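Data block below; observations after.
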2 protein chains.
Amino acid sequence: MKHQVNSRLNDIVSKIKKMGYSLTPQRLEIIKIVSESKSHPSAVDVYDKLRKAYPMISLNTVYKNLSLLSSIHEVKEIRTLQDSVHYDGDISLHGHAICEKCGRIIDVKIDESDFKGFFDAKIKENFKENYYINNYGLEFYGLCGLCYNETASNESISVQS
Amino acid sequence: MKHQVNSRLNDIVSKIKKMGYSLTPQRLEIIKIVSESKSHPSAVDVYDKLRKAYPMISLNTVYKNLSLLSSIHEVKEIRTLQDSVHYDGDISLHGHAICEKCGRIIDVKIDESDFKGFFDAKIKENFKENYYINNYGLEFYGLCGLCYNETASNESISVQS
DNA sequence: TATTATATGATAATGAGTATTATATAAAAA
DNA sequence: TTTTTATATAATACTCATTATCATATAATA
C-alpha cells in the first residue's frame, strides 16, 4: 500500500521532470496531497491542507498546479452538479457516485474486462470517423445512504429517472 | 418527427402544471427551445434565441427556468471541461462526446439492452447499501474529427489516457 | 373581476477560476 | 560553488457564470 503510493508519486515526479517542468517544494507537496487523497478534494481543499506546511501558499499556485497535473493526465477533474471542480489523483479506471445533497463523491469500481466489452463497443459504434478520446467520465448522481435516509424521513420523494 | 417533438413538449407542460408551477409565455418558449434543440445549448445560448421573441427577457429568468426543468428531470445538465453548464432537452439514455478544443458536444448512442447489462451490474456491485440513483452521466473527452486534424497537422501529439 | 401566489426583470452580489507581474527559486551551465 | 536563465510562486486585480434580492407584473383560481 505504502509502496503503491510511493511508486505513484515517483511516476508523477519523473513525468514532471521528463517534460521539463521544475519540481518545487510546493508542487511536490500538491502532488503528494492529490495522489494520496481518497476524498476527491477541490482546489480549496488542497489549499487548506497545504497551508499547514506552507502558510504563505497562494491559491493561484494550487490552481496552476492542479491544471498542470490535469493537462498531463496525472489527475482527473470531476465536475459535480455543485459549484467547484474536484480532483482525483487516482487515474485508474473507475466511475463516481456523486451525492446531490452532501456532495460526497464515492468511487465506483469498474473492472477492465467489462469496460473493454462495453466502452470500446460504444467508441467503435459512435466514432467511425477519427475522433481522439483521451478521457472518459462515468457518474451516477443521486443520494448517498445517509442523505437518502434523512430525506425519506422528512418528505416523500417520488423522483425516478 | 414533428409529432415526437410536440408530445415531448406536452409532457413537460403537463408536468409543470401538475406540479403547481404556472406556465408563462417565457417559460413555454424556454421549454420549446431546449426540447427542440439538438445542440446542447448553454444558458446564454438559450437567452440569445429567446431575445428574438422576448427582447426584454432576463438572463436570470433563463437560469431559473433551466434550473426548474433540471430539478424536475426534464432537462439534463452537462458539465463540460469548459466554463459554463450546457443543457440537454433529450433525457433519453445516451452519452456525450465532448471536444476539449472547440467545445462541441456530440450524442453517443447507447442501446437500452447494453445499458441494462452494464450499468445495472455496476449499480448492484457498488451500491449494496441503499443509494438512490436518479441520474447518470457518460462522457468521452477528446478531440472531434475537425480539431484532431487541425492539431495533428500543426504539432505532433502523443497523449494517451 | 378580484385575489393571491408565483414569475419576471433589473440590479447587485457572490465566488470559482484566470490574468498579470514583480520577486524568488529550481535547473543547468560555467 | 557561483552564475545564469527560465520557470514558479505570491500578491493582487480581474473576469464572468451563476445566484440573490426585491419591486413589479402576471398566471391561476375563486
Side-chain angles (χ1 to χ4, degrees), chain A residues 12-34 40-72 75 77-87 100 103, chain B residues 12-34 40-72 75 77-87 100 103:
Chain A
I12 301 177
V13 166
S14 39
K15 192 167 185 178
I16 287 280
K17 290 191 158 180
K18 195 170 62 186
M19 295 185 81
Y21 299 108
S22 51
L23 189 68
T24 64
Q26 294 96 325
R27 174 164 292 166
L28 181 60
E29 192 64 27
I30 290 170
I31 296 172
K32 273 186 192 164
I33 290 173
V34 283
H40 317 89
S42 68
V44 172
D45 294 335
V46 173
Y47 177 62
D48 288 338
K49 277 193 183 171
L50 267 170
R51 293 169 84 172
K52 288 167 191 159
Y54 297 88
M56 303 306 289
I57 192 93
S58 161
L59 183 54
N60 193 341
T61 301
V62 179
Y63 276 113
K64 279 222 175 108
N65 276 289
L66 291 174
S67 296
L68 173 66
L69 291 169
S70 174
S71 76
I72 64 172
V75 150
E77 298 186 354
I78 309 171
R79 310 267 152 170
T80 70
L81 295 179
Q82 324 240 86
D83 38 11
S84 63
V85 176
H86 290 249
Y87 297 89
E100 290 176 323
Chain B
I12 302 178
V13 167
S14 38
K15 192 167 185 178
I16 288 278
K17 291 193 159 180
K18 194 169 62 183
M19 296 185 81
Y21 299 108
S22 50
L23 190 69
T24 64
Q26 293 94 327
R27 175 164 292 166
L28 181 60
E29 192 64 26
I30 290 170
I31 296 172
K32 272 185 192 162
I33 290 173
V34 283
H40 315 92
S42 68
V44 171
D45 294 335
V46 174
Y47 176 64
D48 288 339
K49 277 193 182 171
L50 267 170
R51 293 169 82 172
K52 287 166 192 158
Y54 297 88
M56 301 307 286
I57 192 94
S58 162
L59 184 52
N60 193 345
T61 300
V62 179
Y63 275 111
K64 280 223 175 106
N65 277 288
L66 291 173
S67 296
L68 173 66
L69 291 170
S70 174
S71 75
I72 64 172
V75 149
E77 298 186 353
I78 309 171
R79 310 267 153 169
T80 70
L81 295 179
Q82 325 240 87
D83 37 14
S84 63
V85 176
H86 289 250
Y87 297 87
E100 290 175 323

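By convention in this document, chain letters (A, B, ...) are assigned in the order of the sequence lines, proteins followed by strands, and residues within each chain are numbered from 1. Worth saying up front: this structure is predicted, and the values here are computed from it rather than measured.
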Ranking D:dT18, C:dG9, D:dT12 by distance to the side chain of A:Asn60, first place goes to D:dT12
Among C:dA26, D:dT18, D:dC22, the nucleotide that comes nearest once only the side chain of B:Ser84 is considered: D:dT18
Checking only heavy atoms, does the side chain of B:Asn65 share a donor-acceptor pair with the base of C:dT8 at less than 3.5 Å? no
Has B:Thr24 got a side-chain N or O lying under 4.0 Å from the OP1 or OP2 atom of C:dA7? no
Below 4.0 angstrom from OP1 or OP2 of C:dT6, is there any side-chain N or O of B:Arg27? no
Whole angstrom value for the distance that separates C1' of D:dA6 from CE of A:Met19: 17 Å
Roughly how many Å is it from CG in A:Leu28 to P in C:dT25, rounded to a whole number? 16 Å
Take atom OH of B:Tyr54 and atom P of C:dG9, then tell me their distance rounded to the nearest Å. 9 Å
Check every strand shown and say whether A:Ser58 touches a base, only sugar-phosphate, or nothing at a heavy-atom separation below 4.0 Å. base
Taking any heavy-atom pair under 4.0 Å as a contact, classify A:Pro25: base, sugar-phosphate, or nothing. sugar-phosphate
Between C1' of D:dT26 and OH of B:Tyr21, the distance in whole Å: 18 Å
Quick check: does any side chain N or O of B:Ser70 sit under 3.5 Å from a backbone N or O of B:Leu66, one acting as donor and the other as acceptor? no
Rounded to whole angstrom units, what separation is found between the CD atom of B:Glu77 and the C1' atom of D:dT19? 13 Å
Do the side chains of B:Met19 and B:Ile72 get nearer than 4.5 Å, heavy atoms only? yes
Could you state the CD-C1' distance from B:Gln26 to D:dA27, rounded to the nearest angstrom? 11 Å
Partner of D:dT29 by Watson-Crick or G-U wobble geometry, both contacts under 3.5 Å, or none? C:dA2
Counting only side-chain nitrogens and oxygens, does A:Tyr63 get under 4.0 Å of the OP1 or OP2 atom of C:dG17? yes
Using heavy-atom distances to pick each residue's nearest nucleotide on DNA chain D, tell me which of B:Tyr87 and A:Leu68 is more 5'. A:Leu68
Would you indicate what A:Val85 reaches in the nucleic acid, counting non-hydrogen atoms under 4.0 angstrom: base, sugar-phosphate, or nothing? sugar-phosphate
Pick base, sugar-phosphate or nothing for A:Leu59, based on heavy-atom distances below 4.0 Å to the nucleic acid. nothing
Between C1' on D:dA8 and NZ on A:Lys17, what's the gap in Å once rounded to a whole number? 15 Å
My understanding is that only one of A:Asn60, A:Leu68, A:Val62 makes a side chain to side chain contact (heavy atoms under 4.5 Å, CB included) with A:Lys64; could you say which? A:Asn60
In this structure, how many angstroms lie between the P atom of D:dT21 and the NZ atom of B:Lys64, rounded? 10 Å
Under the 3.5 angstrom rule, does the side chain of A:His40 hit a backbone N or O of A:His86 as a donor-acceptor pair? no
In Å, rounded to the nearest 0.5 Å, how long is the span from CZ of A:Arg51 to CG of A:Asp48? 6.0 Å
